[in-house]
Amino acid sequence: MRSIWFPSLLVFLCNFLCLFTPCIAKPPHVIFILADDYGYNDVGYHGSEIKTPNIDKLSGEGVRLENYYVQPICTPTRSQLMSGRYQIHTGLQHQIIWPPQANCLPLDDKTLAQALKELGYATHIVGKWHLGQYKKACWPTHRGFDTFFGHLTGSEDYYTHEHTGCGMTMTPACSNWKGYDLRENDDVVHGYKGTYGTHMFTQRVQQLLQKHDQTKPLFLYLPYQAVHSPLMAPAYYTDMYKDIKNKKRRVYAGMVTAMDEGIGNITDTLKNIGMWDDTVIFFSTDNGGMVTEGGNNWPLRGWKHSLWEGGMHGVGFVTGGAFPDARRGTTYNGLIHVSDWFPTIVSGLVGSSVNGTKLDGHNVWDAISTGSPSPRTELLHNIDPLQPSPKADFMGNYVVKDPQADTFNTSIRGAIRVGDWKLITGDPGDNRWMPLPDSGITPPKPTDPKGKRLWLFNIAEDPNEFHDLSEFRPDVVEQLYERLQDYYKTAVPVRFPAGDPKADPKLHNNTWSYWED
């Protein structure tokens, strides 16, 4: 059993020394807000027609990150945020963790919550987990969080809090599975049917803040379900956008504004209870917007699921009362990735060591807080040897090969950034530029020949990926291709198991739950 005396002794010694010598400021409260499927062109300060006054104000009082990257889909971004490790090092290279899969973030990977809890932080998660639920050991309260209120899976109805379907080919079919998915810690919690999900999570955060013992540092992780489909928003918000003709875009806009309002309410609570001056807030999307569900990433190419910029170039900023005054109202263009937040928060912001923790992320706190160059000069977007999706056999089993069994080649889906250069291989996903519906803009049409499997772009000069330079700079292609090969050699086997019939909510009192001990 892990000893619990060390953090307490450390706090005692620090307090004792403060009687005789000037003290280092106490550890700040940390709030991390993660928006779901939030597009590059869906925030006010990027010129969107969607109203986000609170996000605009908060980001304008901190530093906006304009060379910031996440992953193309939900689980991979969340896994890298929590572990600080690339997908190729956790076995989560392919797709997401679907509800019936016996899979989760590896249990031997320390999470950001575990690291902060060891440093004496109170740790809470409110919102969407989506890092596996087949074992209780995978659940948030077993991965470093003191409390959990939210969904284990994703795509829940915003009012009934039920998840329908499974997302996989299975025998028997699971497309009509339906289960309730709202928990307080490990237990199913009722009484919230009819309460809009974004409001529900915002109100729970406010309650947690009001009850928090402010002598103890707080880590609050708020992965909103918003603005992921299904598209649902109270009429109060959608009525603000009657001028938007496209129904999906109109409802999506209402969902964004509801989330923005929630963030503003949380900020007001922090100020009202006297926590604001001791708090640093991180904001991030988990992937690009889904254009078929109202999101938009214009003028970037591609969208959610793709390795184009529209799938991964994230909306992100850092702000808060404890953020350095000298950096307020600035923009940072150094390269940053979602995997960087683990060492940045634990080592850079809190001042603890991450020695002994296997990480792919970099501590970028000095870069953000002083404007110095980013320590990150290279970024592996991903290597997925199973993309396009493997075909399941008649029992729904997927053949998952060991990625180390073969040499990397351009048929494998991958992407890497080195400096300003970005190399893409394999099938990167939908390659179109998608302006807003009814905008009147005629976008350029992709001219890539059928079967093309290699692209090179200078992202600093060509952020919208118009000009493939692979034929003109074979030297750069070779350099980046070698780096992909190097990473491929370090990859662990992909874990993408077949769906398990034992996950059927009917077997668990019509709830999504665990099914293995």
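Between the side chain of Ser339 and the main chain of Gln80, no donor-acceptor pair closer than 3.5 Å is present. In this structure a side-chain-to-backbone donor-acceptor pair under 3.5 Å is present from Arg328 to Glu61. Proximity of a side-chain donor or acceptor of Ser284 to a complementary backbone N or O of Ala35 within less than 3.5 Å is not detected. A distance-only check finds no donor-acceptor pair linking the side chain of Asp146 to the backbone of His124 [under 3.5 Å]. Counting only distance, with no hydrogens or angles, the side chain of Asp56 and the backbone of Tyr45 share a donor-acceptor pair below 3.5 Å.
Here the closest heavy-atom approach between residue Ser155 and residue Pro230 is recorded as O-CD, 3.6 Å. For the pair Thr198 and Met259, the tightest heavy-atom approach, listed with the atom from each and the gap, is CG2-CA, 3.8 Å. Between Gln225 and Asp36, the shortest heavy-atom contact is O-CB, 3.3 Å. The minimum heavy-atom distance between Ser306 and Met312, with the atom names listed, is O-CG, 3.8 Å. Here the closest non-hydrogen pair linking Pro28 and Pro217 is O-CB, 4.3 Å. Of all the heavy atoms in Ala115 and Lys110, the pair that sits closest is CB-CD, 3.9 Å.
Under the side chain to side chain contact (heavy atoms under 4.5 Å, CB included) criterion, Pro234 pairs with Tyr159, Tyr196, His199, Tyr237, sequence neighbours left out. Shown here are the side chain to side chain contact (heavy atoms under 4.5 Å, CB included) partners of Val291, two or more places apart in sequence or in another chain: Asn297, Trp303, Met434. Not a single salt bridge (Lys or Arg N to Asp or Glu O under 4.0 Å) links Glu66 to another residue, sequence neighbours left out. Residues forming a side chain to side chain contact (heavy atoms under 4.5 Å, CB included) with Thr511 (at least two apart in sequence, or on another chain): Tyr180, Arg183, Val188, His508, Ser513. Residues that satisfy the salt bridge (Lys or Arg N to Asp or Glu O under 4.0 Å) test with Asp109, not counting sequence neighbours, are Arg85. In this view, Phe219 satisfies the ring-ring contact (aromatic ring centres under 6.0 Å, His included) rule with no residue, not counting sequence neighbours. Looking at residues two or more places apart in sequence or on another chain, you find a side chain to side chain contact (heavy atoms under 4.5 Å, CB included) between Asn103 and Leu92, Ile97, Gln101, Arg495, Pro497. When the side chain to side chain donor-acceptor pair (under 3.5 Å) test is applied to Thr257, the partners found at least two apart in sequence or on another chain are Tyr241. In terms of the ring-ring contact (aromatic ring centres under 6.0 Å, His included) criterion, residue partners of Trp512 (sequence neighbours excluded) are, by chain and number, His163.
For the atom pair OG1 of Thr238 and CD1 of Ile244, the computed distance is 10.5 Å after rounding to the nearest 0.5 Å. One distance of note links NE2 of His337 with OH of Tyr86; it measures 6.5 Å at 0.5 Å rounding. Of the inter-residue distances, the one linking Leu208 atom CG with Ile125 atom CD1 reads 11.5 Å to the nearest 0.5 angstrom. Here CE of Met275 is found 11.0 Å from CD of Gln210. Values are rounded to the nearest 0.5 Å. A distance of 6.5 Å separates NE2 in His161 from NE2 in His151, rounded to the nearest 0.5 Å. Gln93 contributes atom CD, which lies 8.5 Å from atom CD1 of Ile383 (distance to the nearest 0.5 angstrom).
Of the residues listed (Asn382, Asp360, Val492), the one engaging Ile88 in a side chain to side chain contact (heavy atoms under 4.5 Å, CB included) is Asn382, and it is the only one.
Residues in residues 346-356 take part in these side-chain hydrogen bond (donor to acceptor under 3.5 Å, both in side chains) pairs, two or more places apart or across chains: Ser353-Asn355. Applying the side-chain hydrogen bond (donor to acceptor under 3.5 Å, both in side chains) test to residues at least two apart or on different chains, the pairs with a partner in residues 132-141 are Thr141-Asp186. Residue pairs meeting the disulfide (SG to SG under 2.5 Å) criterion with at least one partner in residues 44-122, sequence neighbours excluded, are Cys104-Cys138.
Between Glu309 and Lys422 there is a salt bridge, since a side-chain N of the basic residue sits under 4.0 Å from a carboxylate O of the acidic one. Taking 4.0 Å as the cut-off between side-chain N and carboxylate O, Lys304 and Asp37 count as a salt-bridged pair. Looking at Lys271 and Asp268, no side-chain N of the basic residue comes within less than 4.0 Å of a carboxylate O on the acidic one, giving no salt bridge. Looking at Arg249 and Asp42, a side-chain N of the basic residue comes within less than 4.0 Å of a carboxylate O on the acidic one, giving a salt bridge.
Side-chain atoms of Asn67 and Asn333 include no donor-acceptor pair closer than 3.5 Å. Donor-acceptor pairing under 3.5 Å is lacking for the side chains of Tyr40 and Thr285. The closest side-chain donor-acceptor pair between Tyr236 and Glu261, if any, does not fall under 3.5 angstrom.
Heavy atoms of other residues, nucleotides or ligands lying less than 6.0 angstrom from OH of Tyr514 number 12 at most. Crowding of Lys178 atom NZ: a count of heavy atoms from other residues, nucleotides or ligands under 6.0 Å not exceeding 12.
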request  = Would you check, one step at a time, whether the test side-chain contact (heavy atoms from CB on, under 4.5 Å) holds for Tyr158 with Leu231?
outcome  = CA-CA 9 Å; Tyr158 280 77; Leu231 298 180; over 6 Å; no
ask   = Yes or no on side chain to side chain donor-acceptor pair (under 3.5 Å) for Ser374 and Tyr332, after CA distance, side-chain angles and deciding distance?
value = CA-CA 9 Å; Ser374 173; Tyr332 187 70; 4.5 Å; no
message = Set out, in order, the CA-CA distance, both residues' side-chain angles and the distance that settles side-chain contact (heavy atoms from CB on, under 4.5 Å) for Ser83 and Phe342, then state yes or no.
response = CA-CA 7 Å; Ser83 71; Phe342 187 122; 5.6 Å; no
inquiry  = Is there a side chain to side chain donor-acceptor pair (under 3.5 Å) between Tyr224 and Thr202? Walk through the geometry before answering.
reply    = CA-CA 9 Å; Tyr224 272 117; Thr202 296; 2.6 Å; yes
message = Using the rule given for salt bridge (charged side-chain N to carboxylate O under 4.0 Å, His left out), can you reason through Lys26 versus Asp278, listing the C-alpha separation, both sets of side-chain angles and the distance that settles it, and then say yes or no?
response = CA-CA 9 Å; Lys26 63 181 181 180; Asp278 300 318; 3.6 Å; yes
request  = Report the C-alpha distance between Leu335 and Tyr69 in whole Å, list the side-chain angles of each, state the deciding distance to 0.1 Å, and finish with yes or no for side-chain contact (heavy atoms from CB on, under 4.5 Å).
outcome  = CA-CA 8 Å; Leu335 188 61; Tyr69 288 85; 3.8 Å; yes
key: Val346 and Leu116: CA distance, side-chain angles, deciding distance, side-chain contact (heavy atoms from CB on, under 4.5 Å) verdict   = CA-CA 7 Å; Val346 174; Leu116 290 174; 4.2 Å; yes
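Residues His228 and Met255 have side chains not in contact (no heavy-atom distance under 4.5 Å, counting atoms from C-beta outward). Two residues are said to be in side-chain contact when any heavy atoms from C-beta on lie closer than 4.5 Å; Arg204 and Glu184 meet this criterion.
Ring pair Phe32/Phe282 is parallel by interplanar angle, where below 30° counts as parallel and above 60° as perpendicular.
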